[in-house]
2 protein chains.
Amino acid sequence: MLKKKITLKHIARELEVSISTVSKALKNSEEISRETKEKIQAFAKLYNYKPNNIAISLKNKRTKNIGVVIPDIVHHFFTTVVRGVEKYANTKGYNVIVCLSDESFDKEVINMELLANGSIDGFIMSLSSGTQKENDYNHLKEVTEQGIPLVLFDRITNEVECDKVIIDDAMGAYLATKKLIEQGRKRIGLITTHDYLSVSKARTTGYQKALKEFGVSEQQDLILKMPSMEMDGQLIENFIKNSKVDAILTVNEIFSIYGMQVAQDLGLKIPDDISFIGFTDGLLSKYANPSLTSIAQHGERMGEISAEMLIQKIESEEEEETYQTKILEPTLIERNSTIN
Amino acid sequence: MLKKKITLKHIARELEVSISTVSKALKNSEEISRETKEKIQAFAKLYNYKPNNIAISLKNKRTKNIGVVIPDIVHHFFTTVVRGVEKYANTKGYNVIVCLSDESFDKEVINMELLANGSIDGFIMSLSSGTQKENDYNHLKEVTEQGIPLVLFDRITNEVECDKVIIDDAMGAYLATKKLIEQGRKRIGLITTHDYLSVSKARTTGYQKALKEFGVSEQQDLILKMPSMEMDGQLIENFIKNSKVDAILTVNEIFSIYGMQVAQDLGLKIPDDISFIGFTDGLLSKYANPSLTSIAQHGERMGEISAEMLIQKIESEEEEETYQTKILEPTLIERNSTIN
DNA sequence: TATCAACACGAAATCGTTTTCGAAAGCTGG
DNA sequence: CCAGCTTTCGAAAACGATTTCGTGTTGATA
């Protein structure tokens, strides 16, 4: 009952012509007579012939696959980026191979080496925290040295020369902080992660810039650096209790959501007593109670742009040695965790 | 500056041996003298030789890729499944190609045909709503007839013979409804989607079974069928206003989250005046305010099992014509949207 | 009738591997 | 000294497609 895939060779044997003739006939080559072409095309359609992708890849040295390497997929932002990449890639006939580094340097290296051996035509990736911590980018450099195009997004590094797509994280934090200041907030806290994450660092910068610009004295104790990507409720609780902040900016959604719960449990009214703004405008921001004012990172757009840049590089013949960094503007989405 | 990938041919030429000798030497074949092997292996290591995946795929007729086709990736449940698949697949040396059907029949067909031409060794998929609506599964049948293993998860169909992994949706709804009845709820509503979605149908069945079993008279007007997968706030609002329910079970998170907001806006107290239970234990359930009691679908486990079943089929030589359906037990996670 | 272009097709190389089957050497033993 | 064995290696086919470069046949032309 198995209908195995048919090949050019089968058709050739059956119709008593050569393989080359079949190949040309199916491409409607002028070389082949109308008669023969019709015969071959009819036969091919009847047996539902489809060329083998692998054979074509080997011949063309083109796989029409692009590798997307991200730290985690159960993460709204990365998910939207993947969707953006997939959408654009699909319109250009590319498939997307997703690899998860799980925030681990080793896994990132292994995955990339695996894919780099012919499986993909280019990479789109966001650095794992492990890699940013180690500060070792040799696996990326090797890939680019082999002539495999690479686009870094969001979590990037200056150590590697390649195309990059980011949002202006500093500007996002600046906008948010400015908004809070304008609403009369005096003690604005920041909950972030370690500075080795490129985005956290940029956001901290933007936050400090706004404070300085508007003459709000910056106090060191208003910045909480979470030791890991995981939530630590106790730390946030202590921070809110002890720091006497009247507004908090966080580098992701979760910290804000959790912070709001803690604040409410402490009897604080949001946004009257304390305001919150979080990065990453995901589902949580939209559906939290109160809904969370947040800084949209436009993940899907970022994915589309990354894919566009990558495919452009893949398909351009010349080895252009010019790389660009696209910086998207973040958007402040106002909801009920700040004063309207 | 380009260090192009080196091939067996290059090594052979450089060392003045044949390609076959190089190939064997790198596999540590007994046929080759120790001397020659050491020379070749040293050279290969020096130039960082790695075999070309595509060539090996062509030779072995094995790609070590598995295709995952899902309706949407910006959806917590599917995302967790992908992660589960990826994790297991990775341990077995497989890569994951993710394709999004976008809930469309056509895209599902196109994507599968593309991948089926040699790009992957097997499929893991969940049906798009478009496909379930059309009730046309010829693209799946073609794939299985070609001998390509297929595992369906969550949104499945009886029309296709293949391995399947689902949770006991009826049981999940039954457990939830039972819990609500035990807590003294009298008018328990259900917000679902159309019955052509296999899971919605099963959940409705479980809901009705519990009502019947505990002698709660079922009223037709307590079931709200949403016309699409999208949220329609007005419908939910009207439903809560008019139906006088004191508990609501929904087939996803969003409907519950939104329902809770509407209820609170109407001045109802959760869970005192009205309880909520939703399917899919995702981030929203955990971080909603109040947090949402929900039925965990164990997506990651589902992905792992799917991958395990698929890879087992891929790697087993015999054409076993026996298929199994694994049914996972859902778990009720109690939170603050129901009485403790 | 010899020449040449146009037409229709096939042989063979190629992509990078793996693997089967020989086939040269060198060695042993009778 | 030679049959026969081991050791060590290479030629070639194969996976499935594309493409270059023939080559044989026809018909038209000088």
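Protein chains get the first letters and strands the later ones, always in sequence-line order, with residue 1 at the start of each. In what follows, every heavy atom counts, from backbone to side chain, and hydrogens, waters and symmetry copies are set aside.
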Atom-to-atom span, [atom1] of [X] to [atom2] of [N] - whole angstrom:
X        : N       : atom1 : atom2 : result
Ile32(A) : dT19(D) : CD1   : P     : 13 Å
Arg13(B) : dT17(C) : CZ    : P     : 13 Å
Leu26(B) : dG16(C) : CG    : C1'   : 13 Å
Tyr47(A) : dG16(D) : OH    : P     : 18 Å
Ile56(A) : dA17(D) : CD1   : P     : 7 Å
Asn53(A) : dC15(D) : CG    : P     : 18 Å
Lys64(B) : dT17(C) : NZ    : P     : 18 Å
Leu8(A)  : dC9(C)  : CG    : C1'   : 15 Å

Does [N] have OP1 or OP2 under 4.0 Å away from a side-chain N or O of [X]?
X        : N       : value
Tyr49(A) : dG16(D) : no
Lys61(B) : dA14(D) : no
Thr36(A) : dC9(C)  : yes
Lys9(A)  : dA17(D) : no

Could you check which of dA17(D), dG10(C), dG16(C) has an atom nearest any side-chain atom of Thr7(A)?
-> dA17(D)

With no hydrogens and no angle check, do the side chains of Thr157(A) and Gln132(A) hold a donor and an acceptor under 3.5 Å apart?
-> no

Between Glu108(B) and Ser128(B): side-chain donor-acceptor atoms closer than 3.5 Å =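 Indeed, the side chains of Glu108(B) and Ser128(B) share at least one donor-acceptor pair under 3.5 Å.
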
So which of Lys5(A), Lys4(A), Lys3(A) actually passes salt bridge (Lys or Arg N to Asp or Glu O under 4.0 Å) with Glu145(B)?
->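 It is Lys3(A); the other options fail the test.
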
With 3.5 Å as the limit, what N/O pairs link the protein to nucleotides 20-24 of chain C?
unit_1	atom_1	unit_2	atom_2	d
dT20(C)	O4	Lys24(B)	NZ	3.3

Which part of the nucleic acid does Ile19(A) contact within heavy-atom distance under 4.0 Å: base, sugar-phosphate only, or nothing?
->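 Base, at least one base heavy atom under 4.0 Å.
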
DNA chain D: Ala55(A) or Thr21(A), which has the more 5' nearest nucleotide?
-> Ala55(A)

Which residue lies more 5' along DNA chain D, comparing Ser18(B) with Leu58(B) via nearest heavy atoms | Ser18(B)

Side-chain touch Met125(B)/Ser101(B), heavy atoms, less than 4.5 angstrom | no

Side-chain touch Phe43(A)/Leu26(A), heavy atoms, less than 4.5 angstrom =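 With C-beta onward as the side chain, the pair stays apart.
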
In a table with atom names and distances, give each donor-acceptor pair under 3.5 Å that connects a side chain of residues 49-56 of chain A to protein atoms at least two apart or in another chain.
unit_1	atom_1	unit_2	atom_2	d
Lys50(A)	NZ	Asn48(A)	OD1	3.4
Asn52(A)	OD1	Ile54(A)	N	2.7
Asn52(A)	OD1	Ala55(A)	N	3.0
Asn53(A)	ND2	Leu114(B)	O	2.9
Asn53(A)	ND2	Asn117(B)	O	3.3
Asn53(A)	ND2	Ser119(B)	OG	2.9

Is any side-chain N or O of Lys59(B) under 3.5 Å from a base N or O of dT17(C), one able to act as donor and the other as acceptor?
->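 No pair found.
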
Of all residues at least two apart in sequence or in a different chain, which pass the ring-ring contact (aromatic ring centres under 6.0 Å, His included) check with His298(B)?
-> none

